[in-house]
Asks: 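Structure incoming, see below.
In the text below, chain A, chain B and the rest are named by the order of the sequence lines, each starting its count at 1.
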Amino acid sequence: MHDPRMVREQADALRDGMRRRGKLDALGPLIDRAEALDRDRRTAIQAVEERKAARNAASQQVARLKKAGESADDVVASTRVLGEEIARLEQELGAAQNELDAILLELPNLPLPEVPEGDESHNTVVRSWGEPRAAESVKPHWEVGESLRLIDLAAGAKISGSGFIVYRGMGARLQRALMNFMLDLHTGEHGYDERWVPLFVNRDAMVGTGQLPKFEEDMYALRDDALFAIPTAEVPLTNVMHDELIDGAQLPIALTAWSACFRREAGAAGKDTRGLLRVHQFDKVELVRFTAPEDSAAQLELLTGHAERVLQLLGLPYRVLLLAAGDTGFSSAKTYDLEVFAPGVGKWLEVSSCSNFGEFQARRANIRYRPAKGEKPRFVHTLNGSALAFPRVVAAILEHYQQPDGTVLVPDVLRPLLGTDVLR
RNA sequence: GGACAGGUGGCCGAGUGGUUGAAGGCACCGGUCUCGAAAACCGGCGUACCGGCAACGGUAUCGUGAGUUCGAAUCUCACCCUGUCCGCCA
């Protein structure tokens, strides 16, 4: 969410941000409406508060009169009228305020200046690591995965539906291995504090990180409780600080957690859906950082490096993309995607998305810090990144490390955890 | 799920209808004292919004939301959360 004052003082900056995202046509009218609502709202506030001040004064007069043993009937009668006016004006004010709040929750974050304008065709590769393997004669991961009995797509479809995976044998153990490898790396070498979080969260948490209200149809919701299945551990991990006032000396705060992630992928049917490429439930290790505003730019580079380190240790070739404004997520001000090369499907697969949210989430979730004793609280900046999402990493391993005989070499760092050098 | 007891400022904690934004304490900031520090003493110290160049004024805020009332931290209702006991259960 933006500072509500932006509507009044920097509406053009808002419009420019929407334009750079390619959303001005859709969102420009909302900004116009917000400007009008802000004016209405302030007029109503003044009218209401004027009457409330009068009522408060009258009430005190009643108190004095009664204490003195005199009649207060005249004052009481006149104040009753004020009360009715206040009720009416407050209703008007509430309506304007609610509509304005709803608009503010629907406006995406402003991209940082260095973010390229335009849609995803303007994403830029900022660096790459490793040599992509030639695609010829490498089988796609779903073929190897099935033939080595690592994944069972049919079983997943039978018990839940397409897009739900059953891992079996070493495939199942690989999930545990990835979880331990990534969490140990981030807690042991990168200084993250580990959490184990709820997989279902309330509406407040989902609004806090920006999934709601705009993307409700993408979320799984429970029928009988006001809870949503998390699409990423970003939600619980960021919201552990919801409504907190952090001592500035504690920043930056770095948290990590494994979680299952649930995505309805409504409207994505048929697009990259084979095998492990796009599924409704998957596992992921997430990194979240809370920082002072002046540090967030550097912290994004640091966090992205932590995610890259996972791929480097796994020996998987990847590239880093700076997303263009139009491809940058709703809450994010700047995002790097990490894409790993999967020679079997011949594609770069997104395995991580590392973002700086500025104060956008902190404002929604009310996460503040006190820079120093005696100073006023400010909103923190939040950042997060996957490090990493499992299914596409598995896909890349099954393809990149595939041998001519159909077996798959295990990356060195996973061998102790899997208890084998080769998947056969 | 049931029965009780609670949710007050950064923290602890008083306060059951009328100058209560809210006693007191801790923490914090400034000062006196001191060579310096501690202690002691004096003073200050929430947040948000509206108006104002500012000084400042106003409004709101005692879990959340409704309600009663001229007036609510205080009364009523609903909901959320916490604690204790009981029940159930992996």
Asks: Can you tell me if the side-chain N/O atoms of N56(A) get under 4.0 Å from OP1 or OP2 in rU59(B)?
Replies: yes

Asks: Roughly, in whole Å, what's the span from CG in L93(A) to P in rA48(B)?
Replies: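 Atom CG in L93(A) sits about 19 Å away from atom P in rA48(B).
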
Asks: Mind checking the C1' distance from rC79(B) to rA40(B)? Whole angstroms is fine.
Replies: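 To the nearest whole Å, 50 Å.
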
Asks: Over how many whole Å does the gap from D225(A) atom CG to rG1(B) atom P extend?
Replies: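 My rounded result for the distance is 9 Å.
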
Asks: Rounded to whole angstrom, note down the C1' distance from rG21(B) over to rC62(B).
Replies: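 Rounded to whole Å, the distance is 9 Å.
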
Asks: Considering every strand shown, what is the Watson-Crick or G-U wobble mate of rA54(B) when both distances are under 3.5 Å?
Replies: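 By the stated definition (distances under 3.5 Å), nothing pairs with rA54(B).
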
Asks: Can you tell me the base-pairing partner of rA90(B)? Count Watson-Crick or G-U wobble geometry only, both distances below 3.5 Å, and say none if there is no partner.
Replies: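 In the structure as shown, rA90(B) has no Watson-Crick or wobble partner.
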
Asks: Going by atom types alone, do E194(A) and T256(A) pair a side-chain donor with an acceptor below 3.5 Å?
Replies: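 No - no donor-acceptor pair under 3.5 Å links their side chains.
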
Asks: Measure from CG on D243(A) to C1' on rU61(B) and round the result to the nearest Å.
Replies: 14 Å

Asks: Identify which nucleotide among rA60(B), rG71(B), rG58(B) has an atom closest to any side-chain atom of K52(A), counting heavy atoms from C-beta outward.
Replies: rA60(B)

Asks: Does the structure show a Watson-Crick or G-U wobble partner for rG83(B), both distances under 3.5 Å? Name it, or say none.
Replies: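 The answer is rC4(B), by the H-bond criterion.
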
Asks: Any side-chain N or O of R80(A) under 4.0 Å from OP1/OP2 of rC70(B)?
Replies: yes

Asks: For rG71(B), take OP1 and OP2 only and decide whether either is under 4.0 Å from a side-chain N or O of R55(A).
Replies: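 So the side chain of R55(A) is within the cut-off, an N or O lying under 4.0 Å from OP1 or OP2 of rG71(B).
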
Asks: Would you find a donor on one side and an acceptor on the other, under 3.5 Å apart, between the side chain of R392(A) and the backbone of L277(A)?
Replies: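 Yes, R392(A) side chain to L277(A) backbone: donor-acceptor pair under 3.5 Å.
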
Asks: Might you work through the ring-ring contact (aromatic ring centres under 6.0 Å, His included) test for F330(A) and F360(A), ending with a clear yes or no?
Replies: CA-CA 10 Å; F330(A) 177 82; F360(A) 191 85; 5.7 Å; yes

Asks: Considering only atom P, compute the distance from rA66(B) to rA60(B) and round it to an integer number of Å.
Replies: 15 Å

Asks: Report the distance from atom CD of E84(A) to atom P of rU69(B), rounded to the nearest whole Å.
Replies: 11 Å

Asks: Of the nucleotides rG18(B), rU47(B), rG51(B), which has the atom closest to the P377(A) side chain?
Replies: rU47(B)

Asks: Measuring only between side-chain heavy atoms, which start at C-beta, is F215(A) closer than 4.5 Å to M206(A)?
Replies: no

Asks: Ignoring the backbone of Q46(A), work out which of rU59(B), rC49(B), rG51(B) is nearest its side chain.
Replies: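 Closest nucleotide to the Q46(A) side chain: rG51(B).
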
Asks: Hey, which of these two, E50(A) or Q60(A), hits RNA chain B nearer its 5' end, going by closest nucleotide?
Replies: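 It is Q60(A), whose closest nucleotide lies nearer the 5' terminus.
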
Asks: Work out how far the C1' atom of rU74(B) is from that of rU61(B), and round it to whole angstrom.
Replies: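 After rounding to an integer number of Å, I get 15 Å for this pair.
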
Asks: Could you let me know what rG46(B) is paired to, Watson-Crick or G-U wobble, both distances under 3.5 Å, or none if it's on its own?
Replies: rU61(B)

Asks: I'd like the C1' distance from rC41(B) over to rG52(B), given in whole Å.
Replies: 39 Å

Asks: Tell me what V75(A) touches on the nucleic acid: a base, only sugar-phosphate, or nothing, going by heavy atoms under 4.0 Å.
Replies: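 No contact at all - V75(A) keeps every heavy atom at 4.0 Å or more from the nucleic acid.
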
Asks: Nearest-nucleotide wise, let me know which of A77(A) and R64(A) is further upstream toward the 5' end of RNA chain B.
Replies: R64(A)

Asks: Between rU59(B) and rG71(B), how many Å separate the two P atoms, rounded to a whole number?
Replies: 15 Å

Asks: Looking for any heavy atom pair under 4.0 Å, which part of the strands does R51(A) touch: base, sugar-phosphate only, or nothing?
Replies: nothing

Asks: Whole-Å distance between rU59(B) P and I45(A) CD1?
Replies: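 Distance check: I45(A) CD1 to rU59(B) P gives 14 Å.
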
Asks: Between D40(A) and R42(A) (salt bridge meaning N to carboxylate O under 4.0 Å), is one present in this structure?
Replies: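 No, D40(A) and R42(A) are not salt-bridged.
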
Asks: Whole angstroms only, please: what is the CD1-P distance between I86(A) and rG71(B)?
Replies: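 Rounded to whole Å, this separation is 8 Å.
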
Asks: Choosing from rU59(B), rC70(B), rG51(B), which nucleotide comes nearest the side chain of K66(A)?
Replies: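 Of the options given, the side chain of K66(A) lies nearest rC70(B).
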
Asks: With sugar-phosphate meaning primed atoms plus P, OP1 and OP2, does A53(A) contact a base, only sugar-phosphate, or nothing at under 4.0 Å between heavy atoms?
Replies: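 Touches sugar-phosphate only.
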
Asks: Indicate whether OP1 or OP2 belonging to rU47(B) is found under 4.0 Å from a side-chain N or O atom of K376(A).
Replies: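 Yes, such a contact exists.
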
Asks: rG46(B) and rA38(B): how far apart are their C1' atoms, nearest whole angstrom?
Replies: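 Approximately 29 Å lies between the C1' atom of rG46(B) and that of rA38(B).
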
Asks: Could you state the atom-to-atom distance from CZ of R42(A) to C1' of rG58(B) in whole Å?
Replies: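 Interatomic distance, CZ of R42(A) to C1' of rG58(B): 16 Å.
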
Asks: Under a 3.5 Å cut-off for both contacts, is rU76(B) paired Watson-Crick or G-U wobble with anything, and if yes, with which nucleotide?
Replies: rA66(B)

Asks: What's the closest nucleotide to the T79(A) side chain, out of rC70(B), rU47(B), rG51(B)?
Replies: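 Looking only at side-chain atoms, T79(A) lies closest to rC70(B).
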
Asks: Are the side chains of P213(A) and E106(A) in contact, using a 4.5 Å heavy-atom criterion?
Replies: yes

Asks: Is there a Watson-Crick or G-U wobble partner for rA38(B) with both distances under 3.5 Å, and if so, which one is it?
Replies: none

Asks: Tell me the interatomic distance from D101(A), atom CG, to rC49(B), atom C1', rounded to whole angstroms.
Replies: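 After rounding, the gap between these two atoms is 12 Å.
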
Asks: Would you mind pulling out the nucleotide paired to rA14(B), Watson-Crick or G-U wobble, both distances under 3.5 Å?
Replies: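 Paired with no nucleotide.
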
Asks: Which one, rG51(B), rC70(B), rC49(B), comes nearest to the side chain of E49(A)?
Replies: rC49(B)

Asks: Any side-chain heavy-atom pair from R41(A) and L93(A) closer than 4.5 angstrom?
Replies: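 Result yes, sub-4.5 Å side-chain heavy-atom pair found.
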
Asks: Would you indicate whether the side-chain heavy atoms of V394(A) and L178(A) approach each other to under 4.5 Å?
Replies: yes

Asks: Which whole number of Å gives the distance between the C1' atom of rA90(B) and that of rA3(B)?
Replies: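 It works out to 25 Å between them.
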
Asks: So, does R41(A) get its side chain near the phosphate of rC50(B), meaning an N or O under 4.0 Å from OP1 or OP2?
Replies: yes

